[in-house]
K.L.:
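I am attaching a structure below and will ask some questions about it afterwards.
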Amino acid sequence: MKFKSRNFDQASNVLEITGLTVRLTGNDKADPVLDAVSLKIRQGETVCLVGESGSGKSVTSLSIMGLLPKGVLAATGGHIELEGRNLLELNAQAMRDMRARKISMIFQEPMTALNPVLRVGEQIGEVLDTHTKLPAREKKARVLDIMNQVHLPDVERIYRSYPHQLSGGQRQRIMIAMALILEPQLLIADEPTTALDVTTQKQILSLIAELQEKHGTAVLFITHDMGVVAEIADTVHVMKLGRIVEHAPVETLLRAPKQDYTRQLLQSVPSLSPRAPRAMPEGQTVLAVEGLQKVYGAHGVFSRREPTRAANDVRFSIPRGRTLGIVGESGSGKSTVARCIMRLIDPTEGEIRVAGKEIATLTRRQLRPYRRHIQIVFQDPFRSLNPRWTIGRSLIEGPLNIGEDKQAALARAADLLTLVGLPDDAVHRYPHQFSGGQRQRVAIARAIAMEPDVLVADEAVSALDVSVQAQVLDLLDELQQKLGIAILFITHDLRVAAQICDEVLVMQHGHVVEHGTAAEVLSNPQHAYTRALIEAAPGRSWDFANFKELQGA
Amino acid sequence: EGKTITAVMHSGLRVLDPIITTAHITRNHGYMIYDVLIAVDENFKPQPQMADWTVSDDGLTYTFTLRDGLKFHDGAPVTAADAVASLKRWGKRDSGGQLIFDVTDSLEAGDDKTIVWKLKSPFGPLLDIVGKQSAVPPFIMPERVANTPAEEAITGYTGSGPFVFVQDEFQPGVSVTYKKFADYVPRNEPASWMAGGKKAMVDEVKWVTMPDAQTSINALLSGEIDYLEQVQIDLLPLLESSEDVSVETRDALGYQTMGRLNFKHPPFDNKKIRQAALMALSQEDVLGTLIGNPDYYKVCGAIFGCGTPLGDETGADTLISGGDTEGAKKLLEEAGYDNTPIVLMQPTDVISLAPQPVVAAQALRNAGFNVDMQAMDWQTLVTRRASQAKPAEGGWNVFFTNWMVPEISSPLISAMLNGRGDDAWFGWPKDDKIEELRAAFVAADTPEKQKEVASEIQKHTMDEVLYIPLGQYLMPQARSNKLTNMIPSPVPVFWNIEKAD
Amino acid sequence: MAANPQPAARLQWFFGAIALPSGWRVGVGPMIAATVLTLIVLSALFAPLLAPHDPLAMDALQRLKGPSDTYPLGTDAYGRDLMSRVLTGGQISLFIGIGAAIVSVVIGLLIGLVSGFFRVADAIIMRLMDSLMAIPSILLAIALVALNGPSIWSVMGAITIPEIPRVVRLVRSVVLSAREEPYVEAAMALGSSMPKILWQHLMPNTLAPLIVQGTYICASAILTEAILSFLGAGVSTEIPTWGNIMAEGRVYFQIKPSLIFWPGLMLSLCILSINLLGDTARDLLDPRLKKREG
Amino acid sequence: MLGYILRRILAVIPVMAIVAVFVFLLLRLTPGDPAAIIAGDAATPAQLERIRTSLGLSDPLHVQFFTWAKLLFQGDLGTSLISSTPVTQMIGQRIWPTINIALMTIVLSVLLAVPMGVLAAWRHRTWVDYVVMGFSVLGFSIPVFVIGYLFILAFSIELRWLPVQGYVAPSQDFGKFLARAILPCLTLATIYVALIARMTRASMLEVLGEDYIRTARAKGVKETVVLFHHALRNAAVPIMTIIGTGFALLIGGVVVTESVFNIPGIGRLTVDAILARDYPVIQGMILLTSAIYVFINLLVDLSYTFFDPRIRY
Ligand SMILES: Nc1ncnc2c1ncn2[C@@H]1O[C@H](COP(=O)(O)OP(=O)(O)OP(=O)(O)O)[C@@H](O)[C@H]1O
Ligand SMILES: Nc1ncnc2c1ncn2[C@@H]1O[C@H](COP(=O)(O)OP(=O)(O)OP(=O)(O)O)[C@@H](O)[C@H]1O
Ligand SMILES: [Mg+2]
Ligand SMILES: [Mg+2]
């Protein structure tokens with residue numbers, strides 16, 4: 001692993017934050033959201049800000065931009081100095097002048113950060129309208145130029161497109177173009193790649209690096225992905241509960257973290273090297289899929305949509321007690337397969353055999369007795385539990401459906417909660433009284449309550465912080481050992497797949513392109529696509545948990 | 001730029017055939033554009049209008065002679081053939097007309113100018129009926145129009161009257177415009193009610209409808225309109241302070257308000273119970289609520305109206321003295337009233353008809369009647385009163401209405417005095433005695449004899465309770481002071497009126 | 001008149017906020033509204049005790065009189081006591097308002113649930129509802145009332161029918177979005193039957209918006225009743241309602257404004273309070289807003 | 001795009017068909033006998049029967065319906081039972097005042113309400129917001145006719161600035177038209193403004209919380225541009241929707257306002273027709289207003305594609 005190791009001692013400061021404190025307005029008693037944050041960024045430097053969700057990364061960036069939500073959050077102390085001026089003291093007009101000219105920002109969600117009803121060319125051009133007085137022709141030329149610089153294809157067409165007509169990566173490039181067109185001294189990027197798949201992420205990261213090089217821009221890069229940090233950072237700041245707990249040049253931090261919190265954070269990052277292969281058990285096949293195909297949206301008189309072949313000739317089988325991972329980039333058809341297997345949607349073709357019974361063609365009513373054999377855990381822990389139901393009610397819904405006695409089911413629900421590591425009095429609480437990780441445990445408990453043979457986990461840990469993610473993965477592992485369930489684990493994160501799967505199946509455009517044991521697929525990929533996926537994984541040669549290079553990389 | 005009178009009439013003009021409907025607004029429209037053969041003057045005496053007449057000594061042949069210069073609006077001369085066709089069509093619709101045609105031998109045009117009407121037996125009041133001013137006067141139309149079947153509405157609106165109907169500007173229910181008919185030749189006599197010279201003194205008359213009483217008063221006050229045919233008496237104070245506007249009673253006879261019982265169904269098929277209902281009611285209460293201001297109403301027990309030649313108040317003592325609840329109770333008891341509910345229809349949308357049922361319902365209840373007052377709009381009431389079904393099954397027992405006094409001032413005209421059972425007016429009394437009396441009235445050849453019979457009819461009507469007169473009231477009109485010389489006739493007419501600049 | 005459901009909007013009347021036991025914070029405005037509404041409802045309920053006279057008793061000699069000891073608010077054109085009529089009028093007006101709200105919400109909820117969940121039924125039901133919506137409600141109401149006679153029931157029916165499609169649309173849209181929630185899919189995966197999912201998972205989502213919509217329907221029904229009376233197609237004049245007291249009184253608007261003023265005041269206060277409470281309920285019940293408040 | 005437009009237009013057909021059947025049944029299955037009305041005070045049962053036959057009212061229901069529907073297809077709405085005028089002609093005479101007043105009201109309302117709503121959302125929870133919302137709630141709470149009377153009392157009778165009533169076609173004398181149209185438009189606008197301002201505010205509040213608004217601010221764009229260029233266009237779809245569905249409200253208001261201000265429009269025509277049981281006119285009017293409503297909402301739907309490029313299915 002090659003880290004950046006430039007020295008910035010000579011470089012001038014672009015931004016210097018000292019003792020920045022941000023509080024909830026009208027609530028002085030609550031802990032401050034930012035507690036005396038200090039941070040400096042020098043010309044050409046990339047500073048990464050890491051830390052778990054809610055630690056105050058975004059609030060820091062919004063404070064710099066002067067975009068803290070009015071009436072909710074307010075900076076109550078400290079300085080943010082840029083070119084010798086304290087940004088906190090500027091009036092609204094002066095602050096507006098700063099934006100885009102001196103400091104720019106890219107946001108996390110490329111899907112929502114662009115105005116859906118304006119053409120993207122116009123949106124980039126608006127920066128020029130606001131801060132310069134260029135004639136229309138020149139303006140357009142500059143916009144096209146920056147669009148070329150961010151490597152957008154066919155810029156004339158894209159200039160006239162609306163955001164929804166672009167892919168996520170293209171939209172993020174538009175955001176970057178918008179941020180850099182006036183060559184600001186500081187670029188703030190708040191998780192700019194989290195919503196993108198790995199290959200696109202790689203492109204965007206190298207694009208930012210390239211432009212930074214070209215324009216000498218200082219970058220404040222916010223992320224929770226340690227891999228990304230390893231790839232791009234010069235200096236790293238670690239945040240926890242509104243404070244900066246540690247900061248150091250990147251290599252120093254990754255090799256020799258000083259604070260417990262940092263060590264813990266790094267240790268939670270799953271390794272890309274596959275787990276040790278488990279002994280193949282004798283268990284019978286509990287789920288077998290054969291020639292599965294799903295075509296979306298092939299009807300509608302005036303609908304001009306092309307039918308989407310989201311899954312094509314997918315076949316696999318899982319024996320008891322084993323975990324099969326499905327990986328692939330966004331839109332490759334992973335969820336489609338999961339939903340077909342669950343019969344939440346009807347497959348177009350193919351066989352699905354659960355506990356020896358073909359269920360692909362059963363009606364909903366006929367299906368009901370077989371439901372218990374196969375259960376699912378969804379990605380979003382905040383939406384997969386009915387917010388109006390107590391945890392207990394959610395947990396016994398399935399058992400009641402298969403005729404279990406209510407008292408017995410409730411008693412078992414309490415046991416299940418203990419099993420997934422929650423207090424058993426949680427039965428009476430509501431979902432909003434739990435954190436995301438805890439909710440995901442409840443969701444798992446709900447699935448387990450049916451005593452299924454197969455558990456489908458569709459991105460079940462993707463929404464969670466790395467530390468929480470690690471706990472949930474451990475939980476799944478433990479349950480599998482105790483109960484002998486087969487797990488179908490869907491993820492786009494190769495690190496996660498490497499840690500939990502026995503076998504891995506790689507999907508691209510609805511096709512299975514590679515299928516083998518985790519060790520084979522991840523260490524010795526055959527298909528070009530699989531190789532590209534692995535290539536793109538950031539920090540793939542660093543073993544974060546052990547603070548050293550990965551063996552054999 | 002000619003002179004225009006903008007008038008707000010009591011309702012919107014929708015039906016343009018003055019023979020097919022009895023609606024007053026259509027009659028008023030008729031007087032604007034049509035002329036009549038003969039017409040009554042302010043002394044209730046028929047006078048020549050389009051025609052003079054002679055009567056044969058045996059009273060069997062009437063000969064009318066058209067005067068010179070009569071022309072339709074399309075320029076064609078008015079001929080006797082036009083008049084004959086018009087009279088015949090009228091005779092099919094109008095109840096008075098029907099009586100004459102019952103005894104008509106022939107009605108023919110003698111030549112272009114003479115109309116000869118031969119009867120089988122003498123019919124004293126023929127001229128009174130042909131010359132009557134209301135409830136369908138025989139307007140003279142071109143023969144081609146008059147040949148329209150009596151059940152269908154006419155579609156051509158050519159008259160020979162002093163004003164021309166402007167078809168293009170007609171909006172049913174909203175506004176109607178009349179232009180002065182330049183070729184109209186008025187009679188030389190001074191105008192007196194519907195008789196005499198009809199001289200149009202303005203170029204245009206525009207009737208507009210205003211659904212809101214206050215709006216029309218405000219419009220008059222602000223000079224947006226010139227004339228308001230009816231002013232609600234309660235609203236008079238709004239007009240009193242204005243110097244530009246006069247409030248006056250054009251027509252000294254006014255209206256009679258009355259109740260009608262349904263003779264076909266219990267309990268009012270029982271004479272005693274009908275009498276009890278009459279006894280329970282008090283004119284003063286009804287009029288006080290309906291009109292309020294005593295200057296504008298008159299307690300009057302005469303079925304032919306007070307101030308008319310035949311008016312006589314016999315038998316109406318309780319009505320005019322405040323009702324006799326106790327007497328009514330006693331009568332009810334004697335009659336063995338079994339508490340059958342009586343369906344009383346109340347129209348909610350006509351201001352001059354809404355209060356009567358409310359007051360009556362209260363009075364009837366006080367006397368021990370079981371009253372089921374059902375509110376509805378006037379058109380529903382009109383539909384429902386035609387139903388002979390049982391009251392519980394969509395029929396009715398009582399309703400109230402108003403007539404202009406000239407429309408009930410004679411037993412020949414008054415629709416409620418028809419006693420022919422199912423062929424009679426709504427309520428359908430089968431009463432041979434009243435039919436005899438009406439025949440006697442036709443046969444009476446002097447005013448004195450007529451008066452005698454009329455007095456019999458009054459007595460009989462009150463005894464049988466053919467209908468319950470609830471008193472007489474006046475409707476003041478308001479006009480801009482620019483308008484002068486309006487004829488004080490029951491029908492508001494626009495000839496003779498002058499408008500200052 | 002029909003008020004449509006509006007998404008997130010907050011109306012916090014005055015800053016002085018009062019904390020309710022459950023931790024809900026309600027402005028002073030809604031508190032006043034609740035008090036006013038309670039008073040109006042109570043006065044209507046106890047009208048027979050409070051009214052100084054029989055609201056139907058007429059006195060021909062006391063027409064259009066001003067306030068006096070016997071007639072605290074004066075008399076109307078029939079010499080009836082205005083105060084007694086206004087008090088009693090509240091009964092029917094509120095009955096129509098609340099009745100219309102309950103009936104249209106219940107019917108709309110049932111249709112909307114079915115329509116939101118079953119695609120086949122949806123196409124047909126929504127065409128029907130579109131058609132019902134297309135008929136302007138006041139015209140439909142006038143037509144129904146004029147044709148069926150002006151009973152309380154026809155007025156209520158006339159007001160209710162045009163509201164149903166709006167409720168259906170509301171319920172349907174909630175169901176459409178809620179059924180995409182993972183917890184609904186989870187319930188399916190757990191083998192819950194369609195009716196069960198519909199009633200236990202989806203229906204509760206519609207309750208909050210329905211309560212809000214219900215208040216708007218209630219307010220608009222009371223107002224529509226008044227307008228129908230104004231147009232001569234309301235409840236029988238023998239039964240006083242705020243609407244027909246005003247309709248009868250409108251002729252005397254310039255002579256005796258109190259005939260419109262008092263029922264109008266009661267009506268407006270009542271509707272104002274209901275609307276305010278509806279807005280407050282919407283804010284309290286809207287989870288999105290709660291989330292944004294943090 | 002074309003598919004979307006076509007689909008929307010085709011969807012109108014079943015809706016109007018159901019409206020037609022509904023309107024027909026509504027009127028024929030309920031009591032009320034036009035023959036009795038035409039016949040007048042002195043009619044005998046026999047006369048009534050003859051009139052009924054001549055009107056085709058004695059035919060079986062389905063025969064009446066098909067006769068009516070066939071003529072409808074030829075654009076013939078029948079002839080008024082009362083005034084014997086063709087319904088199309090009556091509507092032709094009466095529709096312009098209504099259209100002019102309604103259009104003016106819509107324009108006036110949108111011009112007033114949208115800035116009000118935007119302002120309220122922008123100054124969320126300040127006195128500006130409370131005033132706008134207060135006005136909106138109030139606008140819903142006072143019956144239209146009371147507002148109309150109050151305006152007349154104030155502006156026509158006390159101040160004498162404007163005429164009390166009436167209507168003059170704008171083509172005839174625009175000044176006079178304006179003088180007479182202002183009060184009815186204001187009266188009608190109160191509810192409509194309340195409705196639109198409310199929706200604008202709610203919708204803007206939602207949009208102002210979106211990420212792209214933050215993006216726009218991060219570009220240093222001025223607040224007015226943020227509000228009117230970025231936010232309002234995104235908030236436009238629900239606002240357009242409420243303008244469309246609020247049109248039903250407007251029709252209701254028109255009926256009342258036309259009575260109060262004595263405007264010879266179709267609102268009054270309808271009320272008069274209903275009270276007179278003039279079936280062909282009622283049918284024609286309900287069909288027409290429904291068609292206008294459907295048409296307006298079709299336009300509103302199509303306008304979505306203008307405001308939101310994503311709607312192209
Ligand atoms: N608009 C807001 N209102 C109230 N509290 C807020 C608001 N925005 C952020 N906070 C609080 O500030 C703290 C820091 O939030 P912030 O968004 O900066 O976290 P983060 O580190 O960016 O997390 P993530 O990785 O999830 O984006 C959190 O506790 C959050 O609850
Ligand atoms: N309901 C649907 N109708 C039409 N197309 C759909 C539908 N759901 C998914 N698709 C399409 O099917 C393809 C596969 O989608 P799927 O959700 O299975 O991908 P995925 O691998 O789960 O992606 P991600 O990692 O983003 O969750 C995509 O192109 C998607 O656009
Ligand atoms: Mg963040
Ligand atoms: Mg997926």
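Heavy atoms only: backbone and side chains are in, while hydrogens, waters and symmetry mates are out. Order of the sequence lines fixes the chain letters, A, B, ..., with proteins taken first and strands second; residue numbering starts at 1 for each chain.
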K.L.:
Please find the pair of heavy atoms, one from A:Ile341 and one from A:Ile374, that lie closest to each other, and give the distance.
P.N.:
CG2-CD1, 3.2 Å

K.L.:
Go through the atoms of A:Arg383 and report whether side chain, backbone, both or neither lie under 4.5 Å from a heavy atom of chain C.
P.N.:
both

K.L.:
For the CG atom of C:Leu170 and the OH atom of C:Tyr216, what is their distance to the nearest 0.5 Å?
P.N.:
11.5 Å

K.L.:
I need the contact set between residues 122-132 of chain C and chain A: heavy-atom distance under 4.5 Å, sorted by residue number.
P.N.:
none

K.L.:
Using non-hydrogen atoms only, which part of A:Glu397 is less than 4.5 Å away from chain C: side chain, backbone, both, or neither?
P.N.:
both

K.L.:
So do the side chains of A:Arg388 and C:Asn205 get within less than 4.5 Å of each other, counting heavy atoms only?
P.N.:
yes

K.L.:
Would you mind checking which part of C:Ala187 comes under 4.5 Å of any heavy atom in chain A, side chain (CB onward), backbone (N, CA, C, O), both or neither?
P.N.:
both

K.L.:
Considering only heavy atoms, which portion of A:Arg339 lies under 4.5 Å from any heavy atom of chain C: side chain, backbone, both, or neither?
P.N.:
side chain

K.L.:
Tell me whether the rings of C:His201 and C:Tyr183 are parallel (<30°), tilted (30 to 60°) or perpendicular (>60°).
P.N.:
tilted

K.L.:
State, to 0.1 Å, how close A:Gly56 and A:Leu34 come at their nearest heavy-atom pair, and which atoms those are.
P.N.:
O-CD2, 3.5 Å

K.L.:
First locate atom SG of C:Cys218, then atom CG of C:Leu223, and finally report the distance between them rounded to the nearest 0.5 Å.
P.N.:
11.0 Å

K.L.:
Could you tell me the separation between the CG atom of A:Leu73 and the OG1 atom of A:Thr25, rounded to the nearest 0.5 Å?
P.N.:
7.0 Å

K.L.:
Between A:His373 and A:Tyr370, what is the ring plane arrangement, given parallel below 30°, perpendicular above 60°, and tilted in between?
P.N.:
tilted

K.L.:
Below 4.5 Å from any heavy atom of chain C, which atoms of A:Arg365 appear? Answer side chain, backbone, both or neither.
P.N.:
neither

K.L.:
Which one, A:Ile402, A:Asn386, A:Leu344, A:Leu400, leads in non-hydrogen pairs under 4.5 Å with chain C?
P.N.:
A:Asn386

K.L.:
If you count heavy-atom pairs under 4.5 Å with chain C, which of A:Met450, A:Gln375, A:Gln379 comes out on top?
P.N.:
A:Gln375

K.L.:
Rounded at 0.5 Å granularity, tell me how far OH in A:Tyr430 sits from CG in A:Leu385.
P.N.:
13.0 Å

